[in-house]
Protein chains: 2
Amino acid sequence: MAQFVHPATKDITLSGVLAALADPIRLQIIRGLLQESGCLSCTAASPCPTIAKSTLSNHFRVLREAGLVQTSKKGVEHQNAVRAADIEARFPGLLMAILQSSVAEAEAGAAA
Amino acid sequence: MAQFVHPATKDITLSGVLAALADPIRLQIIRGLLQESGCLSCTAASPCPTIAKSTLSNHFRVLREAGLVQTSKKGVEHQNAVRAADIEARFPGLLMAILQSSVAEAEAGAAA
DNA sequence: TCAATAGTTCGGAAGTATGGGACTATTGAA
DNA sequence: TTCAATAGTCCCATACTTCCGAACTATTGA
C-alpha cells in the first residue's frame, strides 16, 4: 500500500474536481477538513457515522484522485489534508466560490 | 410536451449544478451558449457533431433539471438560454469561477 | 502471539450514462 | 389536406459507476 498516488498539480482536471465536489458527502468532508485546519483521519472526517467504511474509503479515493486531498499514512490512521494551495494555483477562486456557495445553500435551507 | 419543467431559483442545488457541469460536454454547451449570448438550438449548441441526438437530448435535460438552462419551444427548434442571473442570485460568483477555471484549463492544456 | 483498530479490496445489487431506433410536433410544399 | 423533412424526445438494451456488507491487510499495544 505504501503511499498513495496523487496527481500532480498540473494534472488536476476541472471535471474531476467538479465531479468530486458534486457529491454532498464529499463536499462536507472537504468543508470539515478545512474547518479543522486539515489533517483528519478518514473516520474523523466523515460527516455522518452511518456511512459504511467501504463507501467512505471510496469517497476518499475519489477525492485523492481528483487532487483535492493529500493522504499520508501515519501509524494506523491516515492523515488527510486539503490541497488548497494546489487547487488555488490551478483554478484560482474555484474552491472558494464552491465553498461559499455551499454555505449560502445551507443558510438558505435553514431560513426556509 | 408543451413547456419544460424548470426548477425555481431557490430550488437550484449546488450538487445539481456541480454534477451538471462536471461533464465536459455539458460544460462546453454552457460555454457555447454564453458566447452566443444565449439562445441556441440543441444541435447548434452541441460541441461535437458525433454525439447521438438522444445523448444530447439527455444532456440538455440534465442542464434544465439542474436549473442551468431555460428551454422554450420556438417552432420546430428549442431555444436554450443559460439562466446566468438565477445562478448568480443563488450562488454568487460560482458560475464565473467555474467558467474561468475552464478557460484556465484550456489554456494550460494548449500551452503544454 | 493475539486482539483491536483503521482502511482497503472484493462481489453483488441498484442506479446512471450512452446510443440506436421509433415516436411526436412543427413547418413548408404539392 | 396530405406528405416529406427536420428538431427533439422517449424507450430499450448494454455498459459503467455507486453503495454496502464481508473478508482482507497493516499497525499498535498488551
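Residue numbers start from 1 in every chain, and the chains themselves are labelled A, B, ... in the order their sequence lines are given, proteins ahead of strands. Computed from a prediction, not measured in an experiment: that's the story for all the values here.
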Phe60(A) atom CZ is separated from dT9(C) atom P, nearest whole Å, by 15 Å
Smallest heavy-atom separation, Glu65(B) atom then Pro7(B) atom, equals O-CG, 3.5 Å
**Asked** Looking at side-chain heavy atoms only, is the closest gap between Leu68(A) and Ile12(A) below 4.5 Å?
**Response** no
Worksheet item: In the single-linkage hydrophobic clustering (I, L, V, M, F, W, Y; side-chain heavy atoms under 4.5 Å), do Leu94(B) and Met96(A) co-cluster?
Response: no
Are the side chain of Asn80(A) and the backbone N or O of Leu40(A) linked by a donor-acceptor pair below 3.5 Å? yes
When every non-hydrogen atom of His6(A) is compared with those of Gln70(A), the smallest separation belongs to NE2-CA, 3.5 Å
Are Val17(B) and Leu95(B) packed together at the side-chain level, in the sense that at least one heavy-atom pair is separated by less than 4.5 angstrom?
no
The dot-bracket string of DNA chain D, counting Watson-Crick and G-U wobble pairs with both distances under 3.5 Å, using [ ] for crossing pairs and | for pairs to another strand, is ||||||||||||||||||||||||||||||
Heavy-atom closest pair (Ala19(B) atom, Ala22(A) atom, distance to 0.1 Å) is N-CB, 3.5 Å
### Task
Answer yes or no: is there a side-chain heavy-atom contact under 4.5 Å between Leu63(A) and Val82(A)?
no
Can you give me the N/O atom pairs linking the protein to nucleotides 11-14 of chain C at distances under 3.5 Å, or say none if there are none?
none

Same apolar cluster: Val62(B) and Ile51(B), side chain cutoff 4.5 Å: no
Side-chain touch Leu14(B)/Leu27(A), heavy atoms, less than 4.5 angstrom
yes
Protein N or O to nucleotides 18-21 of chain D N or O, pairs below 3.5 Å:
from: dC20(D); atom 1: OP2; to: Thr55(A); atom 2: OG1; distance (Å): 2.8
from: dG21(D); atom 1: N7; to: Ser54(A); atom 2: OG; distance (Å): 3.2
from: dG21(D); atom 1: O6; to: Ser54(A); atom 2: OG; distance (Å): 3.0

By side-chain hydrogen bond (donor to acceptor under 3.5 Å, both in side chains), Asn58(B) pairs with (sequence neighbours left out) Arg61(B)
Between the protein and nucleotides 4-7 of chain C, list the N/O to N/O atom pairs that are separated by less than 3.5 angstrom.
from: dA6(C); atom 1: O4'; to: Val76(A); atom 2: O; distance (Å): 3.2
from: dG7(C); atom 1: OP1; to: Cys42(A); atom 2: N; distance (Å): 2.8
from: dG7(C); atom 1: OP1; to: His78(A); atom 2: N; distance (Å): 3.4
from: dG7(C); atom 1: OP2; to: Thr43(A); atom 2: N; distance (Å): 3.3
from: dG7(C); atom 1: OP2; to: Thr43(A); atom 2: OG1; distance (Å): 3.3
from: dG7(C); atom 1: O3'; to: His78(A); atom 2: ND1; distance (Å): 3.3
from: dG7(C); atom 1: N7; to: Lys53(A); atom 2: NZ; distance (Å): 2.8
from: dG7(C); atom 1: O6; to: Lys53(A); atom 2: NZ; distance (Å): 2.7

So the side chain to side chain donor-acceptor pair (under 3.5 Å) pairs with at least one residue in residues 11-33 of chain B (sequence neighbours excluded) are Arg26(B)-His59(B), Arg31(B)-Ser102(B)
